[in-house]
Amino acid sequence: MMSKRISVRATSRLNNRRQAFALILFGVLFLAAAIILYLVLHSKAFNYPLGVLFFGLGMLVASALNPRRLGAAGWLMTMLGIAVFLFFGRFIPGNQVLSDYILAIGLGLLGIAFMARRGYISAGAVTPALIVIAVGVVEFLLAAGLTPAGFIPFMLSLWLPGIGLLVLGLIYLVASVRE
């Protein structure tokens with residue numbers, strides 16, 4: 001019985017490290033893509049509103065290695081990323097942006113509910129609430145004109161998933177070493 005516990009713990013630790021390395025790899029790839037777009041192709045990396053979407057997709061793909069970590073955040077950020085892409089890509093008019101975000105949050109929460117039913121996350125997960133609060137604060141600051149000048153281009157660019165996934169991977173790597 002004791003050997004089984006140790007092997008389960010070791011497997012979990014290995015999956016946590018693999019997830020951290022996957023996040024770091026995705027972060028480096030997105031940073032390289034942003035640099036290539038900016039320096040080599042002389043294009044602004046924020047001409048393509050894919051930053052939030054790729055940030056969510058990066059977390060979602062990395063969560064395949066350990067669904068208990070980042071599964072809820074990845075699913076919700078991917079849905080919000082689709083909403084951001086549709087709005088800033090001018091696929092939906094500006095007067096429908098609120099319904100677009102509400103629908104994205106609803107679909108994200110529905111996916112999280114399915115994950116909870118399957119046992120991947122517990123009922124006490126606070127990450128979805130923190131993400132929705134952060135989105136609300138950002139939207140409030142945007143509406144009030146209180147964001148820095150380069151904030152929106154950064155959020156829409158490949159710099160966001162590059163830096164975000166790299167930092168998240170480094171945090172998870174440190175956490176997996178401490179376990």
Side-chain angles (χ1 to χ4, degrees), residues 15-16 19-20 22-27 29-31 34 46 48-89 91-92 94 96-148 150-176:
N15 283 343
N16 290 346
Q19 185 180 46
L23 289 166
I24 292 169
L25 176 67
F26 290 145
L29 289 175
F30 283 121
L31 283 175
F46 51 82
Y48 316 99
L50 295 171
V52 180
L53 177 60
F54 284 160
F55 185 53
L57 285 173
M59 285 191 290
L60 196 59
V61 169
S63 74
L65 295 168
N66 185 359
R68 297 187 195 298
R69 291 170 86 183
L70 290 180
W75 185 256
L76 187 57
M77 286 302 293
T78 300
M79 293 299 115
L80 285 168
I82 292 170
V84 168
F85 174 76
L86 291 175
F87 174 67
F88 283 99
F91 292 106
I92 62 164
Q96 293 178 1
V97 70
L98 179 62
S99 60
D100 185 37
Y101 284 132
I102 291 173
L103 182 62
I105 290 170
L107 289 172
L109 292 175
L110 184 63
I112 291 167
F114 287 136
M115 290 176 66
R117 284 184 144 214
R118 301 209 31 122
Y120 290 124
I121 58 174
S122 66
V126 296
T127 304
L130 294 175
I131 291 172
V132 171
I133 289 169
V135 168
V137 168
V138 167
E139 288 299 316
F140 174 80
L141 293 173
L142 284 171
L146 298 174
T147 56
F151 180 75
I152 292 177
F154 171 77
M155 293 296 288
L156 299 177
S157 72
L158 295 178
W159 295 105
L160 171 70
I163 293 170
L165 293 171
L166 182 65
V167 167
L168 201 56
L170 291 173
I171 290 170
Y172 277 180
L173 184 62
V174 169
S176 72

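Throughout, residue positions are numbered sequentially from 1 according to the sequence presented. Quick note: numbers below take in every heavy atom, side chains included, and nothing from hydrogens, waters or symmetry partners.
Under the 4.5 Å side-chain criterion, counting only non-hydrogen atoms from C-beta, M59 is in contact with L165. Side-chain contact check for L141 versus F151: every heavy-atom pair is 4.5 Å or farther apart.
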Using the rule given for side-chain contact (heavy atoms from CB on, under 4.5 Å), can you reason through L31 versus I163, listing the C-alpha separation, both sets of side-chain angles and the distance that settles it, and then say yes or no? CA-CA 7 Å; L31 283 175; I163 293 170; 3.9 Å; yes
Step-by-step side-chain contact (heavy atoms from CB on, under 4.5 Å) determination, L168 to L70: CA-CA 10 Å; L168 201 56; L70 290 180; 3.7 Å; yes
Show your reasoning for whether side-chain contact (heavy atoms from CB on, under 4.5 Å) applies to S63 and Q19. CA-CA 7 Å; S63 74; Q19 185 180 46; 4.3 Å; yes
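Rounded to the nearest 0.5 angstrom, L160 CG and L53 CG are separated by 11.0 Å. Annotation: the span from I24 atom CD1 to L170 atom CG amounts to 4.5 Å, rounded to 0.5 Å. Once rounded to the nearest 0.5 Å, the distance linking OG of S99 with CD1 of I92 reads 6.5 Å. Distance check: L166 CG to L25 CG gives 10.5 Å after rounding to the nearest 0.5 Å. Note: Q96 CD to F91 CZ = 14.0 Å, rounded to the nearest 0.5 Å. With values rounded to the nearest 0.5 angstrom, N15 atom CG is found 11.0 Å from R68 atom CZ.
Between the W75 side chain and the L110 main chain, no donor and acceptor come within less than 3.5 Å of each other.
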Mind listing the side-chain donor-acceptor pairs of residues 126-140 below 3.5 Å, one per line with the distance, residues two or more places apart or on another chain?
none

Kindly list each side-chain donor-acceptor pair under 3.5 angstrom involving residues 78-88, sequence neighbours excluded, with atom names and distances?
| unit_1 | atom_1 | unit_2 | atom_2 | d |
| --- | --- | --- | --- | --- |
| T78 | OG1 | G56 | O | 3.1 |
| T78 | OG1 | L57 | N | 3.3 |
| T78 | OG1 | G74 | O | 2.7 |

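The ring pair (Phe, Tyr, Trp, His ring centres under 6.0 Å) test applied to Y172 returns no partner, not counting sequence neighbours. In this view, F26 satisfies the ring pair (Phe, Tyr, Trp, His ring centres under 6.0 Å) rule with no residue, not counting sequence neighbours. Under the rule for a side-chain hydrogen bond (donor to acceptor under 3.5 Å, both in side chains), the partners of N66 that lie at least two apart in sequence or sit in another chain are N16.
Residue pairs meeting the side chain to side chain donor-acceptor pair (under 3.5 Å) criterion with at least one partner in residues 108-119, sequence neighbours excluded, do not occur; the list is empty.
Closest of all the heavy-atom pairs between A72 and I121 is CB-CD1, 4.1 Å. The shortest non-hydrogen separation linking A62 to A22 is CB-CB, 4.5 Å.
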